[in-house]
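A, B, ... follow the sequence lines: proteins, then strands. Residue 1 opens every chain.
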Amino acid sequence: MTASEIREAILSILSDLAPDEDLSQLKEDVPLRDQLELDSMDFLDIVMELRKRYRVQIPEEDYAALTSMKSTVEYLEPLMKDL
Amino acid sequence: MYDTIIIGAGMSGLAAGIRLAHFNRRVCILERHSVIGGLNSFYRHRGRNYDVGLHAVTNYSPRGSRRGPLARLLRQLRLRWDELALAPQVGSMIAFPSVRLRFSNDLALLESEIAAQFPAERDNFRRLVASMGDYEELDLAGSASSARAEVARWIRDPLLTDMLFCPLLYYGGAREHDMDFAHFCILFRSIFVEGLARPLAGIRLILKKLADRFKSLGGELRLRAGVQSIVVKDDKAEKILLEDGTELAARRILSSAGWHETMELCNHDAQRQLVGGLSFVESISVLDAEPRRLGHDRTIVFFNDSDRFDYRDPGELVDLRSGIICSPNNFVYDEPSREGMMRITALASYDRWAQLDEAEYRLAKLRCHDRMVASAVRFVPDFRSAVIDTDFFTPKTIQRFTGRQRGAVYGAPRKRPDGRTHLDNLFICGTDQGLVGIIGTLLSGVAVANRYLLE
């Protein structure tokens with residue numbers, strides 16, 4: 001997957017998680033926690049959705065990489081490039 | 001072999017089931033009754049729909065809110081806000097003989113009522129609210145401090161103290177007179193800060209939404225599937241035996257049946273019997289018009305006829321001194337209703353109802369209904385001439401339809417916040433895990449499923 005495809009995949013997960021949110025205004029480098037008020041349960045869900053949909057395993061020590069859209073895509077690029 | 005079998009298709013069991021099915025676990029929910037819902041359920045009687053259980057959904061937050069238990073729950077269950085069709089309350093009241101305090105889904109109203117009625121306590125109340133901090137985090141750790149003692153650090157007036165405790169005990173008090181302070185904070189927030197709401201169609205709308213979601217994700221829901229026992233072998237729950245003789249195997253079991261009820265299914269001798277626990281009677285009156293046509297516009301009235309509020313097993317069929325008067329019509333719905341309804345709930349002694357024979361029981365229901373309505377109309381306009389149908393339920397009714405020992409709707413006095421049991425692969429959720437209200441018990445199922453069943 002390309003960076004923009006990974007971004008779309010994340011957006012799809014976020015829109016399932018928060019169907020009432022307008023994600024078109026999402027800023028790339030502002031923490032998702034601040035923009036959408038996601039909590040730790042929601043971040044765990046993003047990790048589990050990535051596993052469910054793409055079989056991507058994210059170790060717990062890397063969860064901090066999923067802070068903003070930009071950092072998440074950068075983190076996932078090497079893991080998802082061959083998908 | 002299932003990954004998880006869930007005992008009970010109430011709010012917490014359904015929520016847990018949705019989480020597990022969403023993440024592709026093989027999950028089956030077993031419900032003894034022919035209707036889902038458990039403690040918060042519904043029925044049809046002489047052509048009308050009735051709800052049982054809580055009068056309202058607490059923890060309301062308006063569309064677009066991202067914080068708080070409701071927003072968190074919607075994300076966990078992948079629901080849109082409008083799918084629950086919640087209409088906020090019109091406004092409620094705590095009515096004691098000398099003072100009435102109105103409250104709504106905006107804490108500012110209660111603050112101003114307290115400032116007007118208890119001027120010396122105005123700042124103390126603000127300090128109390130500030131001291132409660134942020135109990136928003138789902139805390140499975142639990143605590144054991146007395147809410148009465150904590151509140152007494154701020155509020156001096158015993159009348160105001162009892163007026164604040166009255167709605168909270170009535171809407172979630174599993175033990176007499178007092179509760180844990182953490183529990184108090186959660187209830188305070190859910191009722192006074194976030195507030196009350198209800199779908200026009202009642203609790204069935206929420207339950208059907210949850211059951212449909214569960215089934216659409218591949219979950220299996222079996223009605224009329226009562227559990228006879230949990231077969232234990234080598235400190236593990238090995239299988240489930242149904243009342244019809246069927247055996248089912250699962251790697252893990254999640255029970256929403258209640259702590260003691262679950263221990264009884266395991267034949268765990270020490271804890272099979274619930275001691276204590278509180279139960280209620282409820283009288284339901286159907287009116288030929290909406291209550292506001294009779295001059296009653298309050299959503300809920302918590303009443304008490306003396307300055308001290310006594311929340312305990314009354315040792316009688318009904319405690320007529322206090323109660324809750326709910327009008328399910330008095331929420332801000334988009335459309336009016338043809339008829340009205342008044343539900344009156346009061347403390348009752350399970351033992352007293354259990355002692356009656358069949359004829360005495362039927363007579364007692366009629367007598368208590370009349371006495372409860374007479375008690376309630378001291379605090380709301382007299383609606384008796386508008387009544388066109390009635391129904392009544394007792395602690396025995398609750399026990400019969402929910403399987404809860406002693407009809408204890410708020411479960412055992414001692415909560416089990418971590419959801420664990422004496423068996424490695426048996427967990428509990430729901431009322432006895434400790435979160436309260438409809439949103440709270442749904443989150444209980446979510447939290448226990450996330451913590452133990454999605455590994």
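- Side chain of Asp20(A) to main chain of Gly64(B): no donor-acceptor pair is present (N/O by atom type, distance under 3.5 Å, no hydrogens or angles).
- For the options Arg63(B), His22(B), Arg19(B), heavy-atom pairs under 4.5 Å to chain A are most numerous at His22(B).
- The line from CD of Gln76(B) to CE of Met41(A) is 3.5 Å long, rounded to the nearest 0.5 Å.
- Enclosure of atom CD in Glu60(A) is not indicated, since only 12 or fewer non-hydrogen atoms of other residues, nucleotides or ligands lie within 6.0 angstrom.
- Neither the backbone nor the side chain of Leu77(B) has a heavy atom closer than 4.5 Å to any heavy atom of chain A.
- In summary, Asp45(A) and Arg78(B) engage in a salt bridge, as defined by a charged side-chain N under 4.0 Å from a carboxylate O.
- A donor-acceptor pair is defined here as one N or O able to donate and one able to accept, closer than 3.5 Å; no such pair exists between the side chain of Arg75(B) and the backbone of Pro19(A).
- Atom NZ of Lys52(A) and atom CG of Asn24(B) lie 5.0 Å apart (nearest 0.5 Å).
- Here the side chains of Gln35(A) and Arg66(B) are not in contact, with every heavy-atom distance at 4.5 Å or above.
- Counting heavy atoms from C-beta on, the side chains of Glu49(A) and Phe23(B) come closer than 4.5 Å.
- Heavy atoms of other residues, nucleotides or ligands lying less than 6.0 angstrom from CG of Asp82(B) number more than 12.
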